Amino acid sequence: MAAADEIATVSPTITTAGSLPDWFPHSTVAQKFPGFELADREASEGRGFYSVSRGEATSQVEGRMIVAPYLEDRDAASVLALAKRCNDGQAFVWEEDWTDERLLDYWRPAKDPRDQSPGATGNYTGVLYFVPKVQLTSDPVLVNPELQASFAGVYVFHRNHPGRGSHIANASYMAKSSRRHTFAHGEGGDPDATFGGNGLGVLLSNLSLAHARREGFRGMQFNIVVATNQNAVKAWTDAGFEKIGRLPKVYRRSVKASAVDSANEAEDFVDAWVFFKEL
């Protein structure tokens with residue numbers, strides 16, 4: 001998981017359209033994000049304000065997070081930009097020379113339109129967006145007067161194994177965290193906005209777990225959580241996942257050889273954990 005430092009002690013759940021606040025631009029959001037659901041808790045439960053950063057400026061912005069099924073035309077550019085930022089050889093198995101198409105394929109749902117439903121394939125991609133309460137603002141953080149929704153993260157889950165192992169899910173996550181990433185590009189809403197200290201990692205995790213339960217999965221397994229990625233290890237432990245095994249030197253980590261010659265990269269073989277949570 002990327003941006004695990006964004007974990008907070010909250011347990012967001014998927015809510016229904018009946019919980020939409022009065023200010024929420026339902027018709028506009030429904031048109032742009034078909035099949036969307038609210039992804040966070042109500043403002044009265046402390047989930048209404050988010051720390052949104054743009055450059056050096058940061059503001060507390062009232063709004064709601066939504067999750068929607070992945071759409072290529074709407075989401076591909078944002079997901080790819082975030083994947084490139086996360087492709088640092090510390091958490092994911094991707095190589096630095098992977099093409100854009102290969103990176104996107106990691107996050108795309110099944111390509112066959114007949115197989116898009118999780119019930120048919122066990123494969124689903126959910127995309128997280130932030131919808132602010134104030135659409136027109138002079139706030140220096142939200143400088144885009146057309147702002148309606150800003151990309152905040154993505155998760156993908158699928159069957160961990162086919163056949164007799166198909167009742168166990170596997171998932172991956174990326175959060176657009178201001179603590180880990182600084183952006184100057186992207187698509188959707190305010191492309192430069194990042195979200196810090198908002199528990200996006202745990203939000204994405206709980207969304208995927210809730211979705212997996214709805215689809216009848218009986219457990220979630222993470223096959224290669226890099227042992228040196230302490231943020232992710234702590235996140236999954238705090239989320240109730242159990243360490244069920246340590247795999248010796250299975251991850252080839254990218255390491256900067258020296259601070260002086262940052263272009264010179266070395267590689268280090270490190271252990272990884274297998275995590276499991278019963279659903």
Side-chain angles (χ1 to χ4, degrees), residues 1-7 33 39 53-54 65-111 116 121 123-130 149-158 160 169-196 198-205 207-208 211 220 222-226 228-229 231-232 235-236 251-256 265 267 270 272:
M1 180 185 70
D5 55 342
E6 291 306 310
I7 297 299
F33 302 95
S53 300
R54 192 178 193 281
M65 289 286 180
I66 64 169
V67 63
Y70 175 92
L71 290 179
E72 185 76 12
D73 291 346
R74 184 194 64 206
D75 303 321
S78 295
V79 172
L80 179 60
L82 184 53
K84 285 182 173 181
R85 284 290 193 177
C86 291
N87 192 13
D88 57 4
Q90 302 299 310
F92 291 102
V93 297
W94 317 327
E95 298 280 11
E96 286 81 354
D97 60 356
W98 277 22
T99 64
D100 291 355
E101 191 70 12
R102 191 171 182 184
L103 280 175
L104 273 176
D105 276 345
Y106 186 92
W107 297 99
R108 285 174 173 136
K111 291 185 176 180
Q116 288 296 312
T121 66
N123 183 301
Y124 178 84
T125 301
V127 187
L128 192 68
Y129 279 84
F130 176 67
S150 294
F151 172 72
V154 60
Y155 72 89
V156 59
F157 79 81
H158 48 79
N160 196 43
N170 174 263
S172 294
Y173 312 86
M174 293 191 300
K176 195 174 180 186
S177 159
S178 58
R179 290 183 182 176
R180 175 165 178 165
H181 308 294
T182 301
F183 279 84
H185 50 71
E187 296 290 339
D190 188 340
D192 299 332
T194 59
F195 305 86
N198 296 305
L200 296 189
V202 77
L203 175 58
L204 289 165
S205 170
L207 288 171
S208 70
H211 207 139
M220 180 74 77
F222 301 142
N223 300 315
I224 184 167
V225 179
V226 182
T228 54
N229 186 357
N231 288 324
W236 300 133
Y251 187 80
R252 180 164 45 85
R253 185 175 61 135
S254 176
V255 181
K256 296 293 184 182
E265 291 190 350
E267 292 180 331
V270 297

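Since we're looking at a predicted model, the values are computed, not measured.
Leu71 is linked by a side chain to side chain contact (heavy atoms under 4.5 Å, CB included) to Pro34, Arg74, Asp75, counting only residues two or more places apart in sequence or in another chain. Contacts of Ser208 classified as side chain to side chain donor-acceptor pair (under 3.5 Å), with partners at least two apart in sequence or in another chain: Tyr173. Residues meeting the side chain to side chain contact (heavy atoms under 4.5 Å, CB included) test with Glu95, sequence neighbours left out: Asp97, Trp98, Arg252. Arg102 meets the salt bridge (charged side-chain N to carboxylate O under 4.0 Å, His left out) test with no other residue; sequence neighbours excluded. Partners of Asn223 according to the side chain to side chain donor-acceptor pair (under 3.5 Å) rule, which considers only residues two or more places apart in sequence or in another chain, are Asn160, Gln221. Legend: residues meeting ring-ring contact (aromatic ring centres under 6.0 Å, His included) with Tyr251, ordered by chain and number and at least two apart, are absent.
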Take Arg108 and Glu101, measure what salt bridge (charged side-chain N to carboxylate O under 4.0 Å, His left out) needs, and give me the verdict at the end.
CA-CA 10 Å; Arg108 285 174 173 136; Glu101 191 70 12; 2.9 Å; yes
Please step through side chain to side chain contact (heavy atoms under 4.5 Å, CB included) for the pair Asp100 and Lys84, ending with a clear verdict.
CA-CA 8 Å; Asp100 291 355; Lys84 285 182 173 181; 3.0 Å; yes
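The two atoms that bring Trp94 and Ala83 nearest to each other are CZ3-O, 3.4 Å, heavy atoms only. What you find for Phe157 and Ala171 is that their closest heavy atoms are CB-CB, 3.8 Å. Smallest separation of non-hydrogen atoms from Asn229 and Gln90: CB-O, 4.4 Å.
Contact annotation: the side chain of Leu128 approaches that of Leu207 to within less than 4.5 Å [non-hydrogen atoms, C-beta and beyond]. Within the 4.5 Å cutoff, no side-chain heavy atoms of Phe222 are placed close to those of Ser172. Residues Tyr129 and Phe33 form a side-chain contact, since some pair of their non-hydrogen atoms from C-beta on lies under 4.5 Å apart. Side-chain atoms of Thr125 and Tyr155, non-hydrogen and from C-beta on, never get closer than 4.5 Å to each other. In this structure, Val79 and Met174 have side chains that are in contact, with non-hydrogen atoms separated by less than 4.5 Å.
Rounding to the nearest 0.5 angstrom, the gap separating the CG atom in Asn170 from the CE atom in Met220 is 7.5 Å.
Relative orientation of the Tyr106 and Phe92 rings is perpendicular, given thresholds of 30° and 60° on the angle between their planes.
Between His211 and Tyr124, the ring centre distance stays below 6.0 Å.
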